[in-house]
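Protein chains get the first letters and strands the later ones, always in sequence-line order, with residue 1 at the start of each. Predicted, not measured: the structure shown is a model, and the values here were computed from it.
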Amino acid sequence: MSQITLTFPDGNQKQAEAGITAAEVAADISKSLSKKAISAQVNGQHYDLQWPITEDAQIAINTLQDDAPALELIRHDLAHIMARAVQEIWPDVKVTIGPVRDNGWFYDFDRQDPFTPEDLAGIEKKMREIINARDAVKTEVWPRERAIQYYKDRGEPFKLELIDRIPEGEDLRMYWHGDWQDLCRGPHLVHTGQVPADAFKLTHVAGAYWLGDSSRPMLQRIYGVAFKSKKDLSAWTTMMEEAAKRDHRKLGREMNLFHMQEEAPGQIFWHPNGWTIYTELQDYMRRKQRAGDYVEVNTPQVVNRKLWEASGHWDNYQENMFIVEVDEDHAREKTVNALKPMNCPCHVQVFNQGLKSYRDLPLRMAEFGSCARYEPSGALHGIMRVRGFTQDDAHIFCTEEQIEEETAKFIEFLAGIYADLGFDQWTIKLSTRPEKRIGSEESWDRVEAALGNACKAAGYGYDIQEGEGAFYGPKLEFTLTDAIGREWQCGTLQVDPNLPERLDASFIGRDGDRHRPVMLHRAVLGSFERFIGMLIENYAGKLPLWLAPRQVVVASIVSDADDYVAEVTQALRARGIRAEADTRNEKINYKVREHSLGKVPYIFAIGMKEVEERTVSVRRLGENRTQTQSLDEVLAQLPTEARAPDLA
RNA sequence: GCUGCCGUGGCUCAGGGGUAGAGCACCCCCUUGGUAAGGGGGAGGUCGAGAGUUCGAAUCUCUCCGGCAGCACCA
C-alpha cells in the first residue's frame, strides 16, 4: 500500500495509507469529532465518510455545524428516506431520481394512483420512523452487470435506464439506508438519525416528465423542504407566508388594480388604479429613452404572414402566434395574418424606409410594443406570464464595431433605471454560442468579446452561461433581486445579425457601398405587465409615492369638515397629486383601516381643529403616529416628494 | 400542452341527491365619532358551461371552459 499525505485546514499534515476513509481520519483525530462527522471536503470535493482517499489531499471534516454540506446531506438523505418510506408503504411503486433542490429536495415516482395529502402525512410519519431507527447508511461500488441484474430482478425500469445513461467506465455506486437500496452518486450521511426529524416537511405533489422530456411518461413528484433545525423550518414557513401576502394577484384585487376573466385568458383588464401605475411607469420610460437618444415608433398589431415568413417566425414560432384569418370580399383565399409576437420585424420595416447612411448609425428605435403570444395554458401566471403584453422594446441598428460601445451605454442606461425603481442588486449573465448556430466562429469570437468588454467598461462583472445564446448571436441577461431575495430576469440585450439579413436591411457606408447593419434587441423592464407584477410583490403593494395610484386620501372626521376636505383635495389635485376625498359617514378608524389596507401612502385626517387652523393631520402608510402640518406647507412639499425619480 | 387539485352572491369560504348559507363589501336608517372594523335593517346567487343518470342534480357521471401547483414551454 502506498502512502499519501493528508493536509488539514490548520496546515498540519499526516501520512496515511492510500484508501483511508474520512471516517477513519476523523476517528484518528478525536472520538468526539468522529461522532459528529458527517462528511469531508477532500481536495474541494464533497466526500462521503466511507469513500476511500487514494491520493494526497487537502482534507477537512464536516460536521452538522457546516451549513452547506450539512444541508446538502440532510436533504439528499431525506430524498432517499422518503423513497424508502414510499416503497415500504406501496411496494409496487417504481423509483426514479431524487435530487436536492432549493430549500429541499424532490423525488419522482411512478405510481398508478395519485398521492393525496393524506398520503403525504403517512409518508412523513414513516420517514420519522426511519430517522428514529438510526439505520446505518452503507455504500459500495458495483460492477455494471450486477447493478443491471439487481434492478432487473427488482423490476425497476427507470433505474435501468439511468444506468444506461451513466458513461461506461464510471463507477456505479449503491447506497443503503437500512435495507433499502438506491443507485446514487452520493455522498450521504453516516446513519439516518443524523437527519433532524423535526425540521423537514413534505410540501406538495405535482406531475413531472421522466427526464424532463414531454414525450416521456409523466411521473409523480413529491417535494419536500428540510433544514438543520425546527427554527429554520418555521422561518421558511414564515417566508412562504410573506411571499403569499405579496402575491400580485391578491394585491391586484385588494388594491383594485386589474382583473382577468375567462373570455380573455392571459390578458389583462387594467382598472384605473392599475393603469395609473402603468402609465406613470411608461411616461418615466419614455422620458428616459428620449434622454438616451432613442427615437420612438409605433408599428401594426396585425401583420400579414408574408412578413413572418420572411422573418423566419412563421417556421419557428407559429404555434406561439395568434393567427387571424380575414375573409375579404372577392378574395379566393382568406388573408392570413398574425398578431405580432415581437416588434423586431416591424422595426426593420421602419428602418428600411428610405436609404440609411452610416451617419444614421447607431439608430436606436424604441417602441412600447404591444405583442400577443399564444402561450401554453399551463404557462400563464397572473400578470407575470400573459398572452398580451407590452415590451419596453428597442432595436439598435449599428455596425459590428459599434456593438461594444452601444452595449456599454445600454448597461449604464439600464443601471440608472433599476436604481430609480429601487433595485440596487442585480447581475449580468452572458450567454455564449449554442451548439446549433449560424455565423462564423470569428464573428462569434468578436461579438462575445464585445459584450464581455462592454460589461467591464460599464464597471460590472458577469457570469457566463455556456451555450445558452440564441442561434444567431450571444446575449446578456440582467437579473434583479427583489426585497425578499427572489430573482427576476428582466433586462436583456441580444446581438442579431440574422434578421437584418433576412429582411434585407442595409445602409450606405463611407465607401459608398451597401452594408448590412447588426441589430441589438434590448429591453430594460422586459414587459410592463410582468415588471409591474414584480414591483407589486417587491414593494408588497406599498409602491413609492410617484407610482402609487392613489397618493393621498383626505378623510373627514366630522361632516362639518367636508368643505375643507374638498378644498384640500382640490388644492392637491391642482398640484398634480392624485388625491381623493373620503367624506363618507364612517368613523376615522374605519377610514384609516380601509385606506391603509388599500396601501394609500398618505392619509390626511381632517377634523374641526384642522379646519380652524388650516392644517392637515398627516399619517404615512406603515406608521401609526401622525403629524400635523399646515396646509401651505404640505402643498409646497408634496409635489416635490411625489415627483418621478428622473424629475426629482 | 401534460399530471393532480379546484370552480357556490363583488371578496373570503361553509354546505354536498329533496326547492341555496355565513362574514366582509353594497343599499337604507340611526349615529358626527380624533387615527386599523359604531349600531340596526335590506337587497343580492339559473352553485363555471353543456350533456347524461334520477321522480328530483349545486351535490353523481361525462365533455368542454377557466383557475391553482408543478412539469414542459419561453426560436
From C-beta outward on [X], which listed nucleotide comes closest to its side chain: [options]?
| X | options | result |
| --- | --- | --- |
| Pro265(A) | C2(B), A36(B), G67(B) | G67(B) |
| Val558(A) | A36(B), U32(B), G34(B) | U32(B) |
| Ser617(A) | G34(B), A25(B), A72(B) | G34(B) |
| Tyr223(A) | A37(B), G70(B), G7(B) | G70(B) |
| Ala208(A) | C73(B), A75(B), C71(B) | C71(B) |
| Ala379(A) | G33(B), C73(B), U32(B) | C73(B) |
| Met342(A) | A75(B), G70(B), U32(B) | A75(B) |
| Leu380(A) | G67(B), G70(B), U35(B) | G67(B) |
| His204(A) | G34(B), C73(B), G70(B) | G70(B) |
| Met218(A) | G34(B), U3(B), A72(B) | U3(B) |

Does [N] pair with anything, Watson-Crick or G-U wobble, both distances under 3.5 Å, and if so, with which nucleotide?
| N | answer |
| --- | --- |
| A75(B) | none |
| U54(B) | none |
| G34(B) | none |
| U59(B) | none |
| U46(B) | none |
| U3(B) | A69(B) |
| C24(B) | G10(B) |

Less than 4.0 angstrom between a side-chain N/O of [X] and OP1 or OP2 of [N], yes or no?
| X | N | value |
| --- | --- | --- |
| Asn624(A) | U35(B) | no |
| Ser377(A) | G1(B) | yes |
| Arg619(A) | A36(B) | yes |

For Gly212(A), which contact category applies under a 4.0 Å heavy-atom criterion: base, sugar-phosphate, or nothing?
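Since only primed, P, OP1 and OP2 atoms lie under 4.0 Å of Gly212(A), the category is sugar-phosphate.
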Same-atom distance ([atom1]) from [N] to [M], integer angstrom:
| N | M | atom1 | answer |
| --- | --- | --- | --- |
| G23(B) | G67(B) | P | 31 Å |
| C6(B) | A14(B) | P | 11 Å |
| A58(B) | A49(B) | C1' | 14 Å |
| U8(B) | A22(B) | C1' | 12 Å |
| G66(B) | G48(B) | P | 16 Å |
| G4(B) | G9(B) | C1' | 29 Å |
| C13(B) | U35(B) | P | 33 Å |

Report yes or no: is the cationic atom of Arg75(A) (NZ for Lys, CZ for Arg) under 6.0 Å from the centre of the six-membered ring of Phe227(A), at an angle within 45° of the ring normal?
yes
On a plain distance test, is the side chain of Tyr209(A) in donor-acceptor contact with the base of G1(B) below 3.5 Å?
yes
Hey, which of these two, Phe471(A) or Pro114(A), hits RNA chain B nearer its 5' end, going by closest nucleotide?
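Nearest-nucleotide comparison on RNA chain B picks Pro114(A).
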Validation row: Thr626(A), Arg619(A) side chains within 4.5 angstrom (heavy atoms)
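Side-chain contact under 4.5 Å: yes.
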Taking the six-membered ring for Trp, are Phe531(A) and Tyr418(A) parallel (under 30°), tilted (30 to 60°) or perpendicular (over 60°)?
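Phe531(A) vs Tyr418(A) ring planes: parallel.
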